[in-house]
Amino acid sequence: MNTSLGPGKKSAPTPMRATDPIVVIGGGHAGLEAAHAAFRMGMPVVLLTLHRDSLARLSCNPAIGGIGKSHLVREIDALGGLMARAADAAGIHFRVLNASRGPAVQGPRIQQDLEAYPRAIGSWLEETDITIRQAEAMDLQLRGGRVCGVVTREGEVIAASAVVLTSGTFLGGRLFRGDEVVEGGRAGEAASNGLSAALRRAGLRLERFKTGTPPRILADSIDYHALEVQPGDENPVPLAFENLARRDFRPDLPQVHTHIAHSNPRTHDLVRANLDRSPLYTGKIRSQGPRYCPSFEDKVVRFSDREHHLLHLEPMGLGHPWIYVNGMSTSLPEEVQEQVVHSVPGLEEAKIARYGYAVEYDYVPPTQLSASLEVRSLPGLFLAGQICGTTGYEEAAALGLVAGANAVLAARGAEPWHPSRLQSYLGVMVDDLTVRGVLEPYRMFTSRAEMRLSLAPDTADRRLGDLGHRLGLVSASGQQRMTTRWTRIRQALETLDPDASSKNTPGHRIRRGEDPVTVLEQEAPHLAEWPRADRHSLVALMRYRGYLEIERREAKRLERLEKVRIPGDFAFQQVPGLSHEVRQRLEEVRPARLGQAARIPGVTPAALALLASALGRPEEAAS
Ligand code: FAD
């Protein structure tokens, strides 16, 4: 018998069939990658969204990529996803962040045309037979303890072989500005309340996070003379591998400049004088926001000795009348936002088109999910995006892809895909979320990865291409392109750097600090024909050869821990010698492997040794 999680309206029983579609709730960045991944794997897909015209909306900053985030986007691309190609197609300002540092920590960031981005995604969706429906999911249907359908506000039941929930900031969403508090998922869009109650009734724990957004101002009300111009890079670096393969990538859209402004002591005095009107400081918002992306109020309070804060004025599109004031996320009242904006040189006459606000929403603490992003207590339900405690388009999209693929595997009764943190940033994120949990909205940083050099973004295709093909996410031609690229790079490496110890090879000269461009011009002039990205990949392999070897050895050691499986029904309570706290943590997270157990906060090396012993593998924890 089918049961609905909530009191909802009566509906006909819905038998689960493997041919029932994957139902994706949400048409944001997570939902679209999930739906597209499931489609590529050959499943019928139904996607529900609150507003059909808000698919792939960039709700906050009009940019994709950046440090850590671009690493995820390249991995999404290597797995056949949409985001990188759309970001390249809609890019109006390309800039590599951290350009002076090593390739493993550089981050291409692409300013987007707000309308071109969803248009690009929409054009690929049209090539699929994904059914997109404007409907609010209110409840889930269960059969035999497994999620087998979605109940809409109208009481319709949509049968599902698995459900992917990607509702962003919409569940229990409340928007704050000064004294005003209204229900909403983001500006101009209503919140969704039914599902939170349904999830709670099913025994899931929900908590609250918050995030915020800055004011948008009219582009023609700015005095640009007072601002510093920031042009895009002369040689734009795209995110998608198919564009990196071009010898000379040029963006499709005309390019624009962004500008830099600075706040000053007067701006900060205004903020301080009005802190008692900010919902963050009056106690109206109690939940945690992202520390690394603080509100302007927080910046002024926490960095009280700073006289200036940087503000990036970013166009929201070609011909779009608004400018996004990056760095001034605030929920102060409208009249205070006016004063604060006008105190900034260049913005004295600026007209605010939309005031900043904060949003507080329900999320599901992700330690309740397994590494396939399936809710452990509700098989058949997968979560991705902001609903599981992340922030950012890129994080959402990456999780969407994992959840979508795993939903298909579950529907087919196949083994789940648990992305490994030794193989990808995607794996790092999934592991951090499901094993360590979150205390604040999670965003990706390169520092979260132990194997930063091995996970350099240019190698995402080599690391994930075959896996993507095996899963059915990457076409044969896509896989072939990746194989050809890396075969060529490896062959060149064998010639130019055959042995780490030989002297005077091109590889050795590069490691000694000679300019790689000159070395390659002298020793391998034919490489000038290669795409720039391939030359960079080759040089990185030569330059960091020793470090890569060290990482490879460390990876081997960690892999041994990862290989020790912990049975699903393992009784952590019975392990002799473990403290009550450690047992509780292990029961809560239920790690599937010894390596995961080692990363749970509070699991000490001594506790790990006891666990390894109980699993009959004492030698693994000793290394
Ligand atoms: P979203 O893109 O929010 O999409 C959610 C989708 O779910 C929508 O299509 C909606 O219609 C649908 N939906 C919701 N409930 C239902 C339902 N019951 N039935 C059917 N459909 C439903 N990120 C940053 O990195 N930095 C920031 O500073 C930042 N600030 C932000 C400020 C604001 C005000 C907001 C709203 C977001 C901000 N973000 C920020 C977050 C960024 O927008 C999200 O991380 C990203 O869009 C999340 O993607 P998602 O797919 O999880 O959800």
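Predicted, not measured: the structure shown is a model, and the values here were computed from it. We count ligands from 1, going down the list as the structure has it; atoms in each ligand are counted the same way.
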Q. Quick one: does ligand 1 sit under 4.0 Å from the side chain of K69, the backbone, both or neither, non-hydrogen atoms only?
A. side chain
Q: Working to the nearest 0.5 Å, report the span between CG of L253 and NE2 of H93.
A: 14.0 Å
Q. Would a 4.5 Å heavy-atom cut-off, applied to side chains only, mark L369 and F382 as touching?
A. no
Q. Is there any N or O on G27 that sits under 3.5 Å from an N or O of ligand 1?
A. yes
Q: Could you list the atoms of ligand 1 found under 4.0 angstrom from a heavy atom of Y357?
A: 34 (C)
(Q) Check R216 with E314, please: is the shortest side-chain N to carboxylate O separation under 4.0 Å? (A) no
Q. In the protein, what heavy atom is nearest to atom 7 (O) of ligand 1, and what distance, to one decimal place, separates them?
A. G26 CA, 3.2 Å
Q) Backbone, side chain, both or neither: what part of S167 comes under 4.0 angstrom of ligand 1, heavy atoms only? A) both
Q. Looking only at distance, does L195 have an N or O less than 3.5 Å from an N or O of ligand 1?
A. no
Q: Would you mind checking which non-hydrogen protein atom is closest to atom 27 (C) of ligand 1, with the distance to 0.1 Å?
A: C60 SG, 3.8 Å
Q. Considering residues, nucleotides and ligands other than D179, do more than 12 of their heavy atoms fall under 6.0 Å from its CG?
A. no
(Q) If the threshold is 4.0 Å, N to carboxylate O, is there a salt bridge linking E335 and R277? (A) yes
Q: Report the residue from Q386, R186, K210, R208 that forms a side-chain hydrogen bond (donor to acceptor under 3.5 Å, both in side chains) with Y361.
A: Q386
Q) Hey, looking at atom 42 (C) of ligand 1, which of Y363, Y361, Y393, F170 has the closest heavy atom? A) Y393
Q) Salt bridge between R57 and E189, side-chain N to carboxylate O under 4.0 Å? A) yes
Q: May I ask you to list the atoms of ligand 1 that are less than 4.0 angstrom from any heavy atom of G385?
A: 52 (O)
Q.
When you compare ligand 1 with E189, is there at least one nitrogen or oxygen pair between them that comes in under 3.5 angstrom?
A. no
Q. What part of L50, side chain from CB on, backbone N/CA/C/O, both or neither, has a heavy atom under 4.0 Å from ligand 1?
A. both
Q: Give yes if a backbone or side-chain nitrogen or oxygen of S54 is under 3.5 Å from a nitrogen or oxygen of ligand 1, and no if not.
A: no
Q. Of the protein's non-hydrogen atoms, which lies at the shortest distance from atom 18 (N) of ligand 1, and what is that distance?
A. S192 OG, 2.9 Å
Q: Mind checking whether T166 contacts ligand 1 via backbone (N, CA, C, O), side chain (CB onward), both or neither, at a 4.0 Å heavy-atom cut-off?
A: backbone
Q.
Would G392 count as being in polar contact with ligand 1, using the rule that some N or O on each side must be under 3.5 angstrom apart?
A. yes
Q: Tell me which protein heavy atom sits closest to atom 47 (O) of ligand 1, plus the residue, atom name and distance to 0.1 Å.
A: H29 CD2, 3.4 Å
**Q.** Given D432, L433, D431, the one that forms side chain to side chain contact (heavy atoms under 4.5 Å, CB included) with M429
**A.** L433
(Q) Please work out, at 4.0 Å between heavy atoms, whether the side chain, the backbone, both, or neither of A135 comes within that distance of ligand 1. (A) backbone
Q) If every non-hydrogen atom of A240 is compared with every non-hydrogen atom of D88, which pair is closest and at what distance? A) N-OD2, 2.9 Å
Q.
Does L218, at its CG atom, have more than 12 non-hydrogen atoms belonging to other residues, nucleotides or ligands within less than 6.0 Å?
A. yes
Q: Pull out every atom of ligand 1 sitting under 4.0 Å from any heavy atom of G28, numbered as shown with elements.
A: 2 (O), 4 (O), 6 (C), 9 (O), 51 (O)
Q. Which one holds for A396 and ligand 1: side chain close, backbone close, both close, or neither close, with close meaning a heavy atom under 4.0 Å?
A. side chain
Q) With side chains defined as the heavy atoms from C-beta onward, is the minimum distance between L82 and E33 less than 4.5 Å? A) yes
**Q.** Close-contact set for ligand 1 against T49 heavy atoms, below 4.0 Å
**A.** 9 (O), 11 (O), 21 (N)
Q. Which of the numbered atoms in ligand 1 are below 4.0 angstrom from a heavy atom of A30?
A. 51 (O)
Q | SB check E297 K299 (cutoff 4.0 Å) | A | no
Q: State the CZ-CG distance between R174 and D362, to the nearest 0.5 angstrom.
A: 10.0 Å
Q) Hey, which atoms in ligand 1 end up nearer than 4.0 Å to a heavy atom of E136? A) 18 (N), 19 (N)
Q | Validation row, ring centre H309 to ring centre H268 under 6.0 Å | A | yes
Q: Indicate yes or no: does an N/O atom of V359 lie under 3.5 Å from an N/O atom of ligand 1?
A: no
Q: Considering only non-hydrogen protein atoms, determine which one is nearest to atom 53 (O) of ligand 1 and report residue, atom name and distance to 0.1 Å.
A: G168 CA, 3.2 Å
Q | Spatial distance of atom CD (Q230) from atom CG (L313) [nearest 0.5 Å] | A | 10.5 Å
Q. Is the NZ or CZ atom of R448 positioned over F445's six-membered ring, under 6.0 angstrom from the centre and within 45° of the axis?
A. no
Q. Quick one: which ligand 1 atoms are inside 4.0 Å of a heavy atom on T213?
A. 32 (C), 34 (C)
Q) Looking at atom 48 (C) of ligand 1, what's its closest protein heavy atom, distance included? A) Q386 OE1, 3.5 Å
Q | Atoms of ligand 1 close to I25 [distance to a heavy atom under 4.0 angstrom, numbered from 1] | A | 17 (C), 19 (N), 20 (C), 21 (N)
Q) Quick one: is the NZ or CZ of R85 closer than 6.0 Å to the six-membered ring centre of W124, and within 45° of its axis? A) yes
Q | For atom 28 (O) of ligand 1, the protein heavy atom that lies nearest, with its residue and separation | A | C293 SG, 3.5 Å
Q. Among protein heavy atoms, which sits nearest to atom 26 (N) of ligand 1, and what does the distance come to when rounded to 0.1 Å?
A. T391 OG1, 4.0 Å
